[in-house]
Amino acid sequence: MKTNRRFEILEDKYCPKDIEQKWQRYWFEKGLYQREEDTSKEKFYCLEMFPYPSGKIHMGHVRNYAIGDVVARYKRMKGYEVLHPMGWDAFGMPAENAAIKNGVHPARWTYENINVMKSQLNRLGLSYDWQREIASCSPEYYRWNQWLFLEFYKRGLAYKKRSFVNWCPACATVLANEQVIDEGCWRCNERVVKKELEQWFFKISKYAEQLLEGCDRLQGWPDRVVAMQKNWIGRSIGLEVDFPIKGMDRTIRIFTTRADTLYGATFVCIAPTHPMSEILAGGSPDLRVAIESYGKEEEKFGFFTGRYAINPVNDKEIPIYIANFVLMEYGTGAIMSVPAHDQRDFDFAKKYQLPIKVVIVPEGDSAAGKDYILEKAYEEEGVLVESGQFSGLKSDRARDEIAQYLTKKGLGTFSVNYRLRDWGISRQRYWGTPIPVIYCERCGVVPVPYSELPVILPEEVKFTGVGGSPLLEAKEFICTDCPQCGSRARRETDTMDTFVDSSWYFIAYCLEESQRRASLDKDMGYRIDFQSAFDKAKVEIDRWMPVDQYIGGIEHAVLHLLYSRFFTKALRDMGLISIDEPFKNLLTQGMVCKETWRCTEHGWLFPEEVKDHRCIHCGSHAEKGRVEKMSKSKKNVVDPNILIEKYGADTIRLFSLFAAPPEKDLEWSHQGVEGAFRFLNKVWTIVHKYISKRGPKEVLLNCSKEIDVVASEDRRTRILRKTHQSIKKVSGDIERDFHFNTAIASMMELVNELSVFESETEEDLQVLSTSIENLLLMLCPFAPHIAEELWEAIGKDRSISLYPWPSWDEELAREEDIELVVQVNGKLRGKMVVPRGTEDEQLKMLALQDQKVKGFIEGKTVKKVIVVAGRLVNIVVS
RNA sequence: GCCGGUGUGGUGGAAUGGCAGACGCGGCGGACUCAAAAUCCGCUUUCCUCAGGGAAGUGAGAGUUCAAAUCUCUCCACCGGCACCA
């Protein structure tokens, strides 16, 4: 008998490995998460940022995709038709670096990684529709990049210009402004230098105003992301003023936001790359120096050109300087310098002994006209002095009047400037979308005709790691005929920034499979009729876009999200789509962090290199470092695969959803994972205990034991009430900005109550059965495998994910007796239990009669009694 | 410098004007066991205590309110974004 029982217990053990594989196979075979094509349902597009196929998933992926999967599964159960796709951001440098290092072709490396990562994602039990999978490095994907590029080109949204660009010497490629972090490369941290190159640009600046305006309509986005976008676009209103050059029939146009300081301008500075620099410098060798130190912050350098400009408001002649800190990319590339009211100009004036003239004094300061000796620039607003007819005006008023005065005279104009620059998309790399352009000696820049798209990336190239892009050596690729005149021509060897790929992939998922995969045959050259393919897909795109919930890391707050918004607006103007913002709701999940260890000798340490706060290598004190984002270099990563192996995907999912609300950073805790595992075991035990009591085929036990009827009813009511309260709470928490952590907490509460509930009668079992069914339904989005397994165990024959999300009965959820707090002057003094619906007057009376309360109001006058229904009674005494 | 965010027990975090600390982790005590693990039960903000309770308490200070972790103002600390942007 004893052995038999032991065997039973063994059989009932929660074994995640077995059940997870079983259900993953089941979902795959039934195609459960492919789109149902039921347009009667309301649509819900749930999207997580697609990963770069590095070859291994990390905890950041797990968290991101666990969050997304709960949303997708929940919405499905709520009756939506859910689109939940996944793909690969598959172009990029690591593949090329691997080719240089190990001799593996980037394509092979990438596709092998995709295979590995895909199986890892599947082990998490994520409910993706893999039918819609995309890989941005495949010709059937990037041909669309090329088509869109040519459409942009046709509309002047893509153009080529020679300019100073950010160059990363280590990566041997150009970087966009957005990819330069603290003057270093966003990828390798190498110091970025300026280099003059011919580059392709996307005219994102055309949409600066729209992108800014649209920010206010991004109600479903986190405030800080919207703020960062606004910051990046950086709009400022000011005045452009023409300064005539003395002795020349030309003017220099400057931009200023402080027209009120115009009388204080004592010199003019222009950028070294300004079109007038060459002429004004008159062959001075200093111009070289200025260009070389252009944009470098530590050294401010400038030189006098020998020419003078005339300040149009007072006809004063002031020297023209060429200065390295004046940026050609912002404003007009020229400024008027007002050292008295701009710290940077002040420093420059001090260095080159230029006059400083005060024209603004603090309001209420009667020292107007006195000689000021400034320690530093006075940058605040104030009242104008020494400013001709405008003296005495306040700054804001003066700005308007000066602007009007100059506009009338035709010397100035209102102007809006943006910090946002055009997006340089040329990359001198191999593993990216070839830019579909041909250079002909006779015809110049010739776009590749649509009928010849796509330009396929040649496979046979050498990866040496030296001498720039491998495409430069690919003669067969480069040499071609001009599509216009037929003479010999050269192909563009630069490829597109990979951010182009991710700027519209959310639309690619909407395209019918047949459109996306049309002419997969290599022999056909992946050729399709783009326009008509897009036209056919328009119904689908219009149905699914915008993305209802987008989920990803905060690191894309500017780059990817801004580019995607730009593409959406551009595509809208091209008539391809009908929306103007791509992502309705955005959730930026926090980072996954873990404690770190350091030793003065050996730097960062793995946890296993630390014993009793000592480094095992040198025995010196190992210091517990800060909690940092998991990274290889800080040696604080945990491998999701090992965890899945040990605890199962459900536990890992549950922990990463429970430990913190999704938008906050999550601190990894090994004990926390154990806790999540313990919870699932508890659920398992409860359900199996219930099944063994109930018997295998819903045959309820006949319990002859005599029990107190009233008491048992109370128990059952409590369980039933708790169940309905839990459904209400869990639903509410998910709806309220995805507060999964508190949703899981209330499921834990329910489980705690269920585990102490001893079922003895048929009625008990019925109540228990209801509770368990609801519990499993609620658990399903979070821990889908165990939910399926137990659902099957209690005798259901359809997958749990096909059942609707449970609803609660408000009546059943409501407490009969309410515990009411009694306060005296806002301080908690007593508690009383009253039946629901007790009148306010009655509550007042009861509160005043309370023994404990009496002690606090004795000898005092009751001024007021406040009753808050269902919550408290507050007695105000003095 | 400008913009945004955060600050709560030993710890991750709950509570968005109405009982501060739900739930989890850790700790302490107990049950079971020959023993251990697992599991289960109880306690766990701090201080005072006549053992009934009482006082303090959400970075600091002020204010609004019958009532503030929550709203307003000032300050402090930390984190993030932008920054020679005219």
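Chain A is the first sequence line, chain B the second, and so forth, proteins listed ahead of strands; every chain is numbered from 1.
Using a 4.5 Å heavy-atom threshold, the side chains of A:R829 and A:I875 count as separate.
Aromatic ring centres of A:F348 and A:Y321 lie closer together than 6.0 Å.
Taking a 4.0 Å limit (strictly below) on heavy-atom distances, residues 413-423 of chain A reaches RNA chain B at A:R419, A:R421.
Rounded to whole Å, atom P of B:A22 lies 15 Å from atom CD of A:E753. Atom CG of A:N324 is separated from atom P of B:A86 by 18 Å (rounded to the nearest Å). In this structure, CZ of A:R736 is placed 5 Å from P of B:A15, rounded to the nearest angstrom. In this entry the distance linking CD of A:E749 with P of B:G24 reads 8 Å, nearest Å. Taking atom NZ on A:K230 and atom P on B:C3, their separation rounds to 13 Å, with Å as the unit.
With B:A14, B:C25, B:C84 as the candidates, the nucleotide lying closest to the side chain of A:P661 is B:A14.
Atom P of B:C41 sits at a distance of 27 Å from the matching atom of B:G52, rounded to the whole Å. Comparing B:A15 with B:G57, their C1' atoms are spaced 16 Å from each other, to the whole Å.
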Heavy atoms under 4.0 Å is the rule here; annotate nucleotides 43-55 of chain B 5' to 3' with B where the base is hit, S where only the sugar-phosphate is, and - elsewhere.
-----------SS
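A donor N or O paired with an acceptor N or O is not found under 3.5 Å between the base of B:A86 and the side-chain atoms of A:R258. At a cut-off of 3.5 angstrom, the base of B:C66 holds no donor-acceptor pair with the side chain of A:K863.
Here A:Q343 pairs with A:F346, A:D347, A:K376, A:A377, A:E379 under the side-chain contact (heavy atoms from CB on, under 4.5 Å) rule; sequence neighbours left out.
There is no side-chain donor-acceptor pair under 3.5 Å between A:T723 and A:N774. Side-chain N/O atoms of A:Y330 and A:S236 include a donor and acceptor closer than 3.5 Å.
Comparing A:A227 and A:V868 against RNA chain B, the residue whose closest nucleotide sits nearer the 5' end is A:A227. Comparing A:L872 and A:M228 along RNA chain B, the residue whose closest nucleotide (by nearest heavy atom) sits nearer the 5' end is A:L872.
Within the shown strands, nothing qualifies as a pairing partner of B:C34 under the Watson-Crick or G-U definition with both distances less than 3.5 Å.
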